[in-house]
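Okay, structure first, notes after.
What you see below is based on every heavy atom in this structure, not just the backbone, and it leaves out hydrogens, waters and symmetry mates. First the proteins, then the strands, lettered A, B, ... as listed; each starts at 1. Predicted, not measured: the structure shown is a model, and the values here were computed from it.
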Amino acid sequence: MNSDLKRPKGWKELPAGAVLPAGTAVEYHTGSWRTFKPVWIEKKCIHCLQCWIICPDFSVLVKDQKFDRFDYDHCKGCGLCAYICPVKGKAIVMEKEVKE
Amino acid sequence: MKTVKALTGNDAVSYAMKQINPDVVAAYPITPQTSIVEKFSDYVANGEVDTEMILVESEHSAMSACVGSSAAGARTMTATSSQGLALMWEVVYIAAGLRLPIVMPIVNRALSAPINIHCDHSDVMGIRDSGWIHLFCENAQETYENTIQAIRIAEHPDVQLPVSVNLDGFIISHEVANVEIYDDKPVKDFVGAFRPRVSALNLRSPVTVGPLDLQDYYFEHRRQVADAMVKSLNVIKEINAEFNKKFGRLYKVIEGYRLEDADACIVGLGSTMGTLKDLVDNARKAGKKIGFLKITVFRPFPKEDIVSALKGLKAIAVLDRADSVNAMGGPLFGDIRCALYGASSAPVINYIYGLGGRELTEQDINKIIDDTLAAARTGKTVPEPAYIGVRE
Ligand code: SF4
Ligand code: SF4
């Protein structure tokens, strides 16, 4: 699947009608669109996981029912997680993205 | 094996749908299509088909439901007219781009404004370039048989494109005619089982249907549609031949009438070609060497067949029941004259006729015959397009 998407095929080789294997959006790194980046402050986090519920891009990764990390390959930096975070002073802050 | 029934064109379509027994029909009523789905819902209600009938709230939803159902792997049909087709428009393109073999009878009707419920071909010409195959019917018999063949054409592995079956609103759709109906079994055998290329609901092999396709892939996918359209012409010929053999018919992508020794020819689509048979016969009795060419398959455009049918003629008139409003003539004219470029230098005359159901009278047709024969003698054309049957 990965190599299919990396080496663009010609029209004679592609499956007809834009039918692809499932889940190919994983290959598309929407994280490159980010202007602001969410940063997690571990010591303030109460692991309520409201950020995980609200994230429209499945970019809050959870491990053992606790906040684990952001998936920066796909996080578009919308800021909803920081907005919803109920902790006083916020356990997620948005910082300006620094592009390498 | 044949039974003659008195049916309207719409009833003939519903009867074909009953014998096809599609998995899903999603449709919305619109004049003059309504009686197709009305009759078909009787078949559903009476248990004569096992179709899942989805009564949606608009044609946009009808075609959307068809796209979903066809992508899920169900044999899917709908039917519409005019404004209904206009409302479907964006989803019509999606059906073609996703290569979904949906079959849709279109009962041709003018587009508003001013509001009008009668026949012209403006509705289907609006989806001319969508990637749908477009078949045109001359009478109720052809609506029945083209609907049956359309399923096979759409679902053929080399094609996988949606198909519209066009019948002239009220003229064919509501006129009662003797229609020869075949027994269920031979029709069902001819249609066969649907073997879907895609099934979006197969959990064992999940697929993404219709992903975002930007500068990197969109062009390739539309190129495939063009290729499938080109390949579909031979497929249609094969399916016509199979149908003709099984049911004793003479379906062809184009049909010439008295062209062998003709000086001039009239080219057109739909029910008008039936009227022409009589009037060409009359003209022949008066020694006028005229014939006609009926285009049954408008897309794919059978250009080689058309050129070989027309190339020896001295003048050609093309009838368009839709106006392209100050383009180089109507849609059929543009195609025909382009196809003849380099193959014939005969004058090609364009007549725009019958908009909003305006009758094309015997006098109109006789004038077309005389003008075309005059062009054959003089080599001079008439200013185009010539609007015929409109009050000055
Ligand atoms: S910024 Fe938006 S996309 Fe990124 S993790 Fe937070 S909610 Fe998800
Ligand atoms: S919303 Fe805030 S407190 Fe809750 S899990 Fe996410 S970061 Fe932690």
Side-chain angles (χ1 to χ4, degrees), chain A residues 1-38 51-63 68-81 83 94 97 99-100, chain B residues 66-68 70-73 76 91 93-102 130-132 154-162 195-232 235:
Chain A
M1 184 186 8
N2 304 10
S3 58
D4 278 3
L5 285 174
K6 275 168 193 152
R7 187 186 67 81
K9 287 186 173 175
W11 67 266
K12 290 179 186 167
E13 306 164 286
L14 284 168
V19 174
L20 296 179
T24 47
V26 171
E27 301 299 317
Y28 195 24
H29 287 181
T30 48
S32 65
W33 302 3
R34 213 165 37 233
T35 311
F36 292 97
K37 172 181 184 170
C51 52
W52 172 76
I53 292 169
I54 203 171
C55 175
D57 285 295
F58 307 102
S59 294
V60 172
L61 303 180
V62 171
K63 197 172 168 191
D68 182 35
R69 61 194 164 89
F70 287 112
D71 167 6
Y72 287 119
D73 282 345
H74 299 99
C75 159
K76 293 192 214 123
C78 68
L80 283 171
C81 51
Y83 167 81
M94 300 303 289
E97 179 73 50
K99 300 248 151 95
E100 290 99 54
Chain B
C66 286
V67 162
S70 186
T76 304
V91 198
Y93 268 70
I94 294 170
L98 297 181
R99 309 289 299 278
L100 301 173
I102 298 163
S130 58
W132 282 60
E155 293 173 4
H156 191 283
D158 292 346
V159 179
Q160 302 282 325
L161 289 173
R195 284 179 206 84
R197 179 182 55 94
V198 201
S199 174
L201 292 185
N202 182 352
L203 294 181
R204 278 194 210 93
S205 134
V207 288
T208 302
V209 177
L212 186 67
D213 215 14
L214 299 177
Q215 303 97 319
D216 49 357
Y217 283 100
Y218 178 89
F219 202 173
E220 280 71 24
H221 284 124
R222 289 314 298 196
R223 180 68 186 81
Q224 291 179 332
V225 172
D227 183 59
M229 191 60 91
V230 170
K231 289 190 177 130
S232 71
V235 171

Mark yes or no for whether B:Gln224, through its side chain, and A:Trp11, through its backbone, hold a donor-acceptor pair below 3.5 Å.
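Pair found, side chain donor or acceptor close to backbone of A:Trp11.
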Any chance CZ of A:Arg69 has more than 12 other-residue heavy atoms, nucleotides or ligands included, within less than 6.0 Å?
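Check fails, neighbour count at 12 or below.
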Counting neighbours of CG on B:Leu203 that are heavy atoms of other residues, nucleotides or ligands and sit closer than 6.0 Å, is the number greater than 12?
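No, because the 6.0 Å sphere around CG of B:Leu203 holds 12 heavy atoms or fewer from other groups.
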Please classify the contact between B:Arg197 and chain A as side chain, backbone, both or neither, with a heavy-atom cut-off of under 4.5 Å.
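For B:Arg197, the contact with chain A is made by the side chain alone.
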Measure distances from B:Val198 to the heavy atoms of chain A and classify the residue's part below 4.5 Å as side chain, backbone, both or neither.
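The side chain, not the backbone.
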Give me the atom names and distance for the closest heavy-atom approach of [X] to [Y].
| X | Y | value |
| --- | --- | --- |
| A:Ala18 | B:Pro211 | O-CD, 3.0 Å |
| A:Lys9 | B:Glu220 | O-CG, 3.9 Å |
| A:Ala22 | B:Thr208 | CA-OG1, 3.3 Å |

Among A:Val19, A:Thr24, A:Leu20, which residue meets the side-chain contact (heavy atoms from CB on, under 4.5 Å) test with B:Val207?
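Only one of A:Val19, A:Thr24, A:Leu20 forms a side-chain contact (heavy atoms from CB on, under 4.5 Å) with B:Val207, namely A:Val19.
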Residue among B:Leu212, B:Leu98, B:Val209 with most heavy-atom pairs under 4.5 Å to chain A:
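The candidate making the most pairs under 4.5 Å is B:Leu98.
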